[in-house]
Amino acid sequence: MSLLAVQNLSYRHGSAPLLDGVDFHVARGDRVGLVGTNGCGKSTLMALLAGVLTPEEGEVVYARGCRVRLVEQFLPRQLRGTRALDVVAQEAPEPYVAEELLTRLGFDAALLDREAAKLSGGWINRLLLARAVASDPDVLLLDEPTNHMDVQTVVRFQEFLARRVRAAVVLISHDRELLDAVTTRTVFLRGGAARAFDLPYSRARCELLDQERAALVRREAEQKNIARLETSMKRLAHWGHVYDNEDLSRRARNIGRRIEKMEGAMTAAPWADRRTLGLAGAETRASRALALEDHTVTIPGGEDLYHVPWLHVPRGERLCLLGPNGAGKTLLMKEILAAAAGEGQDSVRVSPQAVVGYYDQALEHGFSPDATLLETVREASDASVSRMRSALVNAGFPAAEHDREVGSLSGGERARLRFLVLKLRRPTLLLLDEPTNHVDVEGCEALESELLEGGATVVFVSHDRRFVRTVATRYLLIQDGGLREVDGPDVWYDQPSAQNRARA
């Protein structure tokens, strides 16, 4: 039985169609992954399902009494001063339900009593999830719920969805392992339309690509047949004119009408993402890109976090930093960045030949919110304005948006701009702090390919498990006041999450 059905739904963003004739349904017990490129309309579709927006055409039909709950991405202002337990208790049928939900999500007594606004981003995500679940909805809508969570917290979130959430779920995420672990159905948004499969993400993606390859083969065969008929039509029309033969002319017209029908019934061309995501690096002859010796990572203000006795990073290696939120992964990358600028400690040495590119998870480093897109890109390159405009278009920014201010960009748009700036600077040492947070699945895969083929030295932090396993050549774990090399990420992922709680 369908809890809700989307029927021929259309919605425009400004003058451009965003969703066009979308159809799919959500049944009781479904776990639906909603997948698509940044800007394709996923969050808009969520708002339409929740009734926050009204479709311009079509409708969302709900079963009688169906309760739909959209989990907020940000803490509502009216809840900022409320203690965490009370935020959930307001929605729960009994007070003990609120405490049980939050405990399952990792809250201890201190966090239960803390004001909601004083929690970090990952804890706020969990708080808002528990608040929505406490209201006992029939359909739960989750838009990137694991942003700001470390890997162990993501695993806890998976377990929570599987064991505690009874509602049907519609989930937007770019985390492929999460999608495979929790979804039973997948809906792809491509070119404004929806393609639904009764399969988890990876299997659904394979099926989608198989269908698109088959469609492309059919379309090419149809185009060849039309081209053959057009040749015959032109030849008959020519002979009919030269020899004043009405029969030949009539046959040419009949073929023309046949071609028109065939063109109207042609297999649709598979949708393709035309944006590019690049990190082309310059070459360097230095054999060692980075070295740390007898270095201590400290919090601004003086508290020591962990000690690095010795670490040498050869050119071309890709290091993944593992550890809980708050362990000091981002601090280490900032200290490497400072050393490259000649402002760091002597215990951190960066090759003088290195060109450093830094991707910060807040997407603010080096960006002026008042600068336009074109001004921002021109600071990274001395190429001509026409080439800069072409680079912006290839990155997914149409010419009409080049005078738009950086401060108005969404997270996904900022990510694309950051990668474009990095590409133009051609870095040989990349410091990437959660580079997949705002990047869609296709973008994640493109980034993986760029890093594997580009040859740059990479130090990165990511909670995307598939990205980590695909990209890294070495793994460094921050734990018990030190930094040690481990054989693989599972050494960290498999540890009991209660022993490695993220800092609030």
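Side-chain atoms are counted along with the backbone in the values below, which use heavy atoms only and exclude waters and symmetry mates.
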Could you tell me whether the side chain of [Y] reaches within less than 4.5 Å of the side chain of [X], counting heavy atoms only?
{"X": "Val169", "Y": "Val32", "result": "no"}
{"X": "Leu483", "Y": "Leu477", "result": "no"}
{"X": "Val133", "Y": "Val71", "result": "no"}
{"X": "Leu127", "Y": "Leu105", "result": "no"}
{"X": "Leu85", "Y": "Glu99", "result": "yes"}
{"X": "Leu319", "Y": "Val313", "result": "yes"}
{"X": "Leu128", "Y": "Leu75", "result": "yes"}
{"X": "His463", "Y": "Asp175", "result": "yes"}

Does Arg203 make a cation-pi contact with Phe197 (under 6.0 Å, within 45 degrees of the axis)? no
To the nearest 0.5 angstrom, please state how far the [atom1] atom of [X] sits from the [atom2] atom of [Y].
{"X": "Ile478", "Y": "Leu332", "atom1": "CD1", "atom2": "CG", "result": "6.5 Å"}
{"X": "His402", "Y": "Phe397", "atom1": "NE2", "atom2": "CZ", "result": "8.5 Å"}
{"X": "Leu321", "Y": "Thr330", "atom1": "CG", "atom2": "OG1", "result": "9.0 Å"}
{"X": "Leu189", "Y": "Asp440", "atom1": "CG", "atom2": "CG", "result": "12.0 Å"}
{"X": "Thr296", "Y": "His307", "atom1": "OG1", "atom2": "NE2", "result": "4.0 Å"}
{"X": "Thr146", "Y": "Arg156", "atom1": "OG1", "atom2": "CZ", "result": "15.0 Å"}

Donor-acceptor check, side chain of [X] to backbone of [Y], threshold 3.5 angstrom: yes or no?
{"X": "Ser10", "Y": "Gly21", "answer": "yes"}
{"X": "Asp30", "Y": "Ala27", "answer": "yes"}
{"X": "Asp86", "Y": "Ala89", "answer": "no"}
{"X": "Thr457", "Y": "Leu429", "answer": "no"}
{"X": "Arg318", "Y": "Thr473", "answer": "no"}
{"X": "Ser462", "Y": "Asp464", "answer": "yes"}
{"X": "Asn125", "Y": "Pro145", "answer": "yes"}

Audit row: Leu9, Glu57, side chain to side chain contact (heavy atoms under 4.5 Å, CB included) steps and yes/no: CA-CA 6 Å; Leu9 185 146; Glu57 295 181 20; over 6 Å; no
Going by side chain to side chain contact (heavy atoms under 4.5 Å, CB included), Arg31 matches just one of Val165, Val170, Leu171. Which one? Val165
Compare every heavy atom of [Y] with every heavy atom of [X], then report the nearest pair and how far apart it is.
{"X": "Pro137", "Y": "Ala167", "result": "O-CB, 3.2 Å"}
{"X": "Lys329", "Y": "Leu322", "result": "CD-C, 3.9 Å"}
{"X": "Val139", "Y": "Cys66", "result": "CG2-SG, 4.0 Å"}
{"X": "Glu405", "Y": "Ser408", "result": "O-OG, 2.7 Å"}
{"X": "Tyr359", "Y": "Leu432", "result": "CB-CD2, 3.6 Å"}
{"X": "Ala98", "Y": "Ala92", "result": "N-CB, 4.1 Å"}

Derivation of the side chain to side chain donor-acceptor pair (under 3.5 Å) call for Gln90 and Arg131: CA-CA 8 Å; Gln90 292 171 3; Arg131 178 172 181 254; 5.1 Å; no
Can you check side chain to side chain contact (heavy atoms under 4.5 Å, CB included) on Leu417 and Val377, steps first, answer last? CA-CA 8 Å; Leu417 184 62; Val377 171; 3.8 Å; yes
So, are [X] and [Y] salt-bridged, with charged N and O less than 4.0 Å apart?
{"X": "Arg190", "Y": "Glu442", "value": "yes"}
{"X": "Asp490", "Y": "Arg469", "value": "yes"}
{"X": "Arg474", "Y": "Glu317", "value": "yes"}
{"X": "Glu445", "Y": "Arg466", "value": "no"}
{"X": "Arg104", "Y": "Glu100", "value": "yes"}
{"X": "Asp136", "Y": "Arg166", "value": "yes"}
{"X": "Arg404", "Y": "Glu401", "value": "yes"}
{"X": "Arg205", "Y": "Glu212", "value": "no"}
{"X": "Arg12", "Y": "Asp20", "value": "no"}

Got a list of side-chain donor-acceptor pairs under 3.5 Å for residues 39-50, not counting sequence neighbours?
from: Lys42; atom 1: NZ; to: Gly36; atom 2: O; distance (Å): 2.9
from: Lys42; atom 1: NZ; to: Thr37; atom 2: O; distance (Å): 3.1
from: Ser43; atom 1: OG; to: Asp143; atom 2: OD2; distance (Å): 2.6

Parallel, tilted or perpendicular: which one describes the rings of Phe188 and Tyr201, with boundaries at 30° and 60°? tilted
Crowded around [X] [atom1]? As in, over 12 foreign heavy atoms under 6.0 Å?
{"X": "Arg80", "atom1": "CZ", "result": "no"}
{"X": "Asp210", "atom1": "CG", "result": "yes"}
{"X": "Glu485", "atom1": "CD", "result": "yes"}

Using the rule given for side chain to side chain contact (heavy atoms under 4.5 Å, CB included), can you reason through Asp108 versus Thr103, listing the C-alpha separation, both sets of side-chain angles and the distance that settles it, and then say yes or no? CA-CA 7 Å; Asp108 58 17; Thr103 300; over 6 Å; no
Whether the Gln7 and His25 side chains hold a donor-acceptor pair (N or O, under 3.5 Å, no angle test) is what I'd like checked. no
Does a donor on one side chain sit under 3.5 Å from an acceptor on the other, for Thr470 and Arg176? no
Strictly under 6.0 Å, is that where the ring centroids of Trp492 and Tyr475 end up? no
What residue among Arg67, Glu91, Arg69 forms side-chain hydrogen bond (donor to acceptor under 3.5 Å, both in side chains) with Ser135? Arg69
Stepwise side chain to side chain contact (heavy atoms under 4.5 Å, CB included) test for Thr376 and Ser368: CA-CA 8 Å; Thr376 301; Ser368 169; over 6 Å; no
